[in-house]
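Below is one structure, written out as structure tokens, with a few remarks after it.
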Amino acid sequence: MKVNLALCVCLALLILGIPLAAYGLTSHPEEGRGGMPSQPLSSSAAISGGEASELLEGSKESKKTEKQREEGESLTVRDVPANTRPQASQSGEDTLPVLVPSSSAMAEGEPVSVTLPDSDSFTIYDLTTGELHTLTAEEYTVCAVSAEMPPTFSEEALKAQAVACYTYALRAKYDNARQPDPALNGADFAADPSDWKGYVTREQYLERYGEETGAVYWDTIEQAVKPVLGYVMLYRENPIVAAYHSTCGGMTEDASNVWQGSAPYLVPVESVGDQYAPNYETAELFSPEELKEAFAMVGLMEDSDFSGEPSEWFGDFERSSSGYVTALTLCGEQLDGIDVRGALGLRSSNFTVEYINGSFLFRVCGYGHGVGMSQYGAEYLGKKGEDWKDILRHYYTGITIAKLNQF
């Protein structure tokens, strides 16, 4: 099912990144937006985007039942847990203008110099207050990285995150300019800084971490952003949808298994460093009654009487090549792994299920949708000596890194 762009972008969305009523990023140690210094951030970080027929046309994570729609709830997207998830771009051809020289002229060496229009500032719709805030590219990038990645991460990981945040926002701005969303009231995309989704202000940052520590953290992020300000990731001469997440299960996920459509730069790649992330593997227990209540709350399995032995309820697991559950059956009814993750609040859809001593034991690997750059994977590579360009080229297949002449 394809999701209406206006609804998706109107990120009153929250649940799995992502991604975002505001096509923005997410905050939270999971999908790629904001989090505590000791936590990964977003799993959301962002997503979407593709070119021409490969465009991401909607989000499988934004699925919603008819009952929920009747109740007027917003579609949610981003990587799963209450975050602003990355939004998928609309369907149809990518009609963005050719903004840079032919891709044949852009070798995978040092960044080329290009000019992209309207790339020096962003107007953001505040989901909580309804206000419009205009930030310069530098202000936005610092605020976004502060919400998305711990300041204790390596400088190269912070730089990679900065370029991902800026690229994601620029793509969102161009997509909205091409097909404006009335819900944004003229803004480029939306965010919820009061809830650390998309970006966070310096004042909020200092309030959370204290004046002294917060100032040190903020300065660390500013120093990481400055050297990469104005760098952008391109594919087929346009900014990409730079999806990112906290932690994957050792291999990132293909965007087509999370959102409808696909993008050639959002395909599975190895990410061995994730196994060293805190809470790489987690476990959740649910009694049969708790399980039924969880699904009922999101409008799933409403017609099921959950008959039979609980030990036989789950079956027919289907997984992607990266290990994420794409489909399974519950009491004979087929569900998407993403729907199960959302209903139960699991950290990712890379999970197994066992029925032990009267309860369902879910063993979960990673945190977030798994698409694009893994933040903990980026940290691992940064500590190994990889620079930010190598990190980005590793996670976004076939992209070109360009430096904007305006900066």
Side-chain angles (χ1 to χ4, degrees), residues 2-15 17-27 31-34 42 44-49 55-59 61-62 64 69 72-79 82-92 94-96 116-137 139-141 143-144 147-148 165-201 238-243 259:
K2 295 182 180 176
V3 180
N4 180 283
L5 178 62
L7 290 177
C8 283
V9 183
C10 204
L11 246 200
L13 342 172
L14 267 149
I15 102 169
I18 262 315
L20 210 294
Y23 217 140
L25 306 329
T26 94
S27 67
E31 313 270 2
R33 309 311 174 186
S42 122
S44 65
I47 113 176
S48 139
L55 218 50
L56 296 180
E57 302 179 339
S59 171
E61 292 188 348
S62 63
K64 192 179 180 75
R69 292 193 184 89
E73 297 172 6
S74 300
L75 288 177
T76 66
V77 188
R78 181 152 178 143
D79 297 315
N83 292 319
T84 32
R85 291 174 167 11
Q87 250 82 15
S89 70
Q90 58 279 7
S91 61
D94 186 343
T95 57
L96 289 177
L116 300 182
D118 304 319
S119 56
D120 58 351
S121 66
F122 300 104
T123 297
I124 307 167
Y125 177 77
D126 190 312
L127 289 169
T128 294
T129 67
E131 299 175 335
L132 299 184
H133 304 288
T134 298
L135 282 68
T136 65
E139 289 171 337
Y140 169 76
T141 305
C143 292
E148 299 299 348
C165 285
Y166 176 71
T167 301
Y168 188 79
L170 190 59
R171 178 66 194 220
K173 180 174 184 174
Y174 287 167
D175 280 343
N176 189 60
R178 176 179 57 182
Q179 186 175 336
D181 179 0
L184 293 177
N185 293 334
D188 299 318
F189 51 85
D192 194 358
S194 65
D195 201 22
W196 285 60
K197 294 184 175 70
Y199 76 94
V200 65
T201 66
N238 285 314
I240 71 169
V241 178
W259 300 286

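Both backbone and side-chain heavy atoms feed into the values below; hydrogens, waters and symmetry mates do not.
To the nearest 0.5 Å, the span separating CG on Leu170 from CG on Asp120 amounts to 10.0 Å. How far OG1 of Thr167 is from CG of Asn238: 12.0 Å, rounded to the nearest 0.5 Å.
Residues Thr141 and Tyr199 have side chains not in contact (no heavy-atom distance under 4.5 Å, counting atoms from C-beta outward). For the pair Asn176 and Leu184, the minimum side-chain heavy-atom distance is below 4.5 Å. Tyr166 places a side-chain heavy atom less than 4.5 Å from the side chain of Ser119. Proximity of Asp118 to Lys173: side-chain heavy atoms (C-beta onward) are separated by under 4.5 Å at one or more points. Side-chain contact check for Asp126 versus Pro193: some heavy-atom pair is nearer than 4.5 Å.
Using a distance-only test at 3.5 Å, with no hydrogens or angles considered, no donor-acceptor pair links the side chain of Arg171 to the main chain of Ile240.
Aromatic ring centres of Phe122 and Phe189: separated by under 6.0 Å.
For Thr201, the side-chain hydrogen bond (donor to acceptor under 3.5 Å, both in side chains) partners two or more places apart in sequence, or in a different chain, are Gln204. Residues that satisfy the side chain to side chain contact (heavy atoms under 4.5 Å, CB included) test with Thr123, not counting sequence neighbours, are Leu132, Thr134, Ala187, Asp188.
Closest approach of Tyr140 to Gly198, counting heavy atoms only: OH-O, 4.1 Å.
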